[in-house]
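What follows is a single structure, written as structure tokens, with notes after it.
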2 protein chains.
Amino acid sequence: MLAEDEEIGSGQGRTATPADVAEQIKSGIVSGRFAPGQRLIESDLTGDLKVGRSKIREAFRILAGEGLIEIVANRGALVRRHSREDLLSMGRAREVLEGLAARMAAETPLSDDQRGRLRDLQARMDAAEEANEIRTYDTLNQAYHRAIVEFAGNPYVAELIEKVRVPLLGLRLPNGFSAATLEQSNEGHRFITHAILAGAPEAAEAAMRAHVRSGNATTASLPDEVFR
Amino acid sequence: MLAEDEEIGSGQGRTATPADVAEQIKSGIVSGRFAPGQRLIESDLTGDLKVGRSKIREAFRILAGEGLIEIVANRGALVRRHSREDLLSMGRAREVLEGLAARMAAETPLSDDQRGRLRDLQARMDAAEEANEIRTYDTLNQAYHRAIVEFAGNPYVAELIEKVRVPLLGLRLPNGFSAATLEQSNEGHRFITHAILAGAPEAAEAAMRAHVRSGNATTASLPDEVFR
DNA sequence: ATGGTTCATATTGTCAACAAAATTCGGGAT
DNA sequence: ATCCCGAATTTTGTTGACAATATGAACCAT
């Protein structure tokens with residue numbers, strides 16, 4: 001995982017690298033402090049982050065590569081705005097990529113530790129579903145998907161998924177899951193978990209694709225206020 | 001050494017932007033003029049391209065985002081080296097992404113013009129196969145895949161595919177296709193073309209996935225000298 | 001008011017100089 | 001010879017100044 005110094009947060013022990021700066025700006029974007037369409041002024045950022053303009057500039061390039069901002073000539077960086085259609089287009093890519101991850105996870109002979117982690121996550125999601133703890137479930141859900149991608153062992157797939165997943169975090173979801181969608185979501189998880197543990201790639205991919213597709217359908221029916 | 005700068009693809013008489021610079025360096029990488037693992041020295045590039053170091057630097061960030069180079073702290077930019085395993089990992093992602101593109105192309109009601117283009121490309125590939133014109137077939141093959149992605153109308157899928165396709169161009173293939181693989185490749189194309197024109201998403205995706213998978217198998221069996 | 005023009009300001013684009021770090025090279029000891 | 005150490009050189013990191021462009025305000029004519 002991450003390592004070394006880093007020193008996240010507001011302070012900085014070592015001098016911040018452009019990657020660090022990018023991370024700071026990124027958190028500002030997903031948290032909504034920087035609104036979509038907003039123009040990011042270099043001189044403002046230098047004041048806030050206490051770094052020179054060239055670092056901000058390189059950080060912009062990094063973020064543009066990740067798709068979080070758009071750089072337009074002589075006008076600088078704009079926080080990228082994603083329409084509902086955009087989210088759905090990404091959703092389709094996410095469907096096949098996460099499907100592939102599930103397939104590869106099922107193809108791989110998992111270690112006992114990995115199998116245990118998967119079972120544990122599933123059990124905790126079941127518990128959260130039972131107790132209707134939406135917030136907890138949401139966190140576990142993310143960890144679950146991340147675990148499967150990790151088990152798939154394909155860094156490129158992981159990177160591509162990250163790219164189409166980040167914009168979702170920017171949505172302002174009042175309560176990510178309703179009781180009904182939560183139950184449906186976890187039903188999908190149980191199928192996927194079973195298929196992966198059984199070493200059934202075909203079934204795992206199909207189940208994951210159906211699961212993500214169902215999530216996309218939910219996204220499609222969200223009210224406009226959610227998209228910002 | 002290379003000639004002058006100025007007038008790149010979208011050629012305007014203006015001074016080169018960092019994106020233009022990135023394009024120049026990129027062509028140097030895919031052409032093999034810059035070998036994998038090679039360190040790109042900023043001052044060398046400034047001499048060749050006649051631009052300041054800051055532009056080179058931002059170009060590096062762009063290329064790092066596209067996965068062509070790796071930036072390591074205090075050591076600058078290295079041309080990224082892709083092992084056979086890397087290519088195969090990307091190949092799997094490419095399989096599902098191009099499969100999705102084929103599916104979406106089949107879902108979309110294509111215009112007469114689009115249907116014509118597809119048929120034309122297929123006809124010309126058939127002719128090239130007949131005449132065993134490998135070089136021509138290779139060019140048409142690329143145009144064909146590009147057209148399908150275009151027809152799919154999903155810019156995010158297009159972008160992701162581009163990312164896992166570029167490293168393939170860096171391989172030194174003496175003659176991309178042998179007679180046998182060419183025939184197998186075009187057989188796949190005919191299936192895909194038929195499915196898309198028939199508006200059969202399921203079949204189109206399946207055919208494309210099989211097609212890409214078969215190409216990956218070919219990649220897997222290439223001799224080491226091809227990877228550089 | 002409305003629309004358009006000019007000028008002042010704000011912001012980005014670029015470069016060149018300097019600082020910090022890494023690499024290379026040579027010398028000396030074993 | 002081989003290894004290690006340290007200076008000289010190369011290369012990257014960072015800053016600040018200046019130029020080019022865009023933005024916004026004030027002004028004028030209708």
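If you're wondering where the values come from, they're calculated on a predicted model, not measured in any experiment. Residue numbers begin at 1 in each chain, while the letters A, B, ... track the order of the sequences. Note: hydrogens, waters and symmetry copies are ignored here, and every other heavy atom, side chains too, is used.
- Rounding to whole angstrom units, CD1 of residue Ile56(A) and C1' of dT15(D) are separated by 14 Å.
- To the nearest 0.5 Å, the span separating NE2 on His82(B) from CG on Leu68(B) amounts to 6.5 Å.
- We find that Asp86(B) and Arg81(B) are not joined by a salt bridge, their nearest charged nitrogen and carboxylate oxygen being 4.0 Å or further apart.
- Atom NZ in Lys50(A) sits about 19 Å away from atom C1' in dG16(D), given to the nearest Å.
- Legend: salt bridge (charged side-chain N to carboxylate O under 4.0 Å, His left out) pairs involving residues 100-116 of chain B, not counting sequence neighbours, sorted by first then second residue: Arg92(A)-Glu107(B), Arg103(B)-Glu202(B), Arg103(B)-Glu205(B).
- Distance check: Arg53(A) CZ to Ser54(B) OG gives 10.5 Å after rounding to the nearest 0.5 Å.
- Rounded to an integer number of Å, the gap from Arg61(A) CZ to dT14(C) C1' is 13 Å.
- Atom CD1 of Ile71(B) and atom P of dT14(D) are 12 Å apart (whole Å).
- At whole-Å resolution of the value, CG in Leu78(B) and P in dA22(C) are 14 Å apart.
- To the nearest 0.5 Å, atoms CZ (Arg80(A)) and CG (Leu63(A)) are separated by 12.0 Å.
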Is there any protein nitrogen or oxygen under 3.5 Å from a nitrogen or oxygen in nucleotides 6-12 of chain D, and what are the pairs?
unit_1  : atom_1 : unit_2   : atom_2 : d
dT12(D) : OP1    : Leu40(B) : O      : 3.3
dT12(D) : OP2    : Glu42(B) : N      : 3.0

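- Remark: the Asp20(B) side chain and the Thr17(B) side chain contain an N/O donor-acceptor pair separated by less than 3.5 Å.
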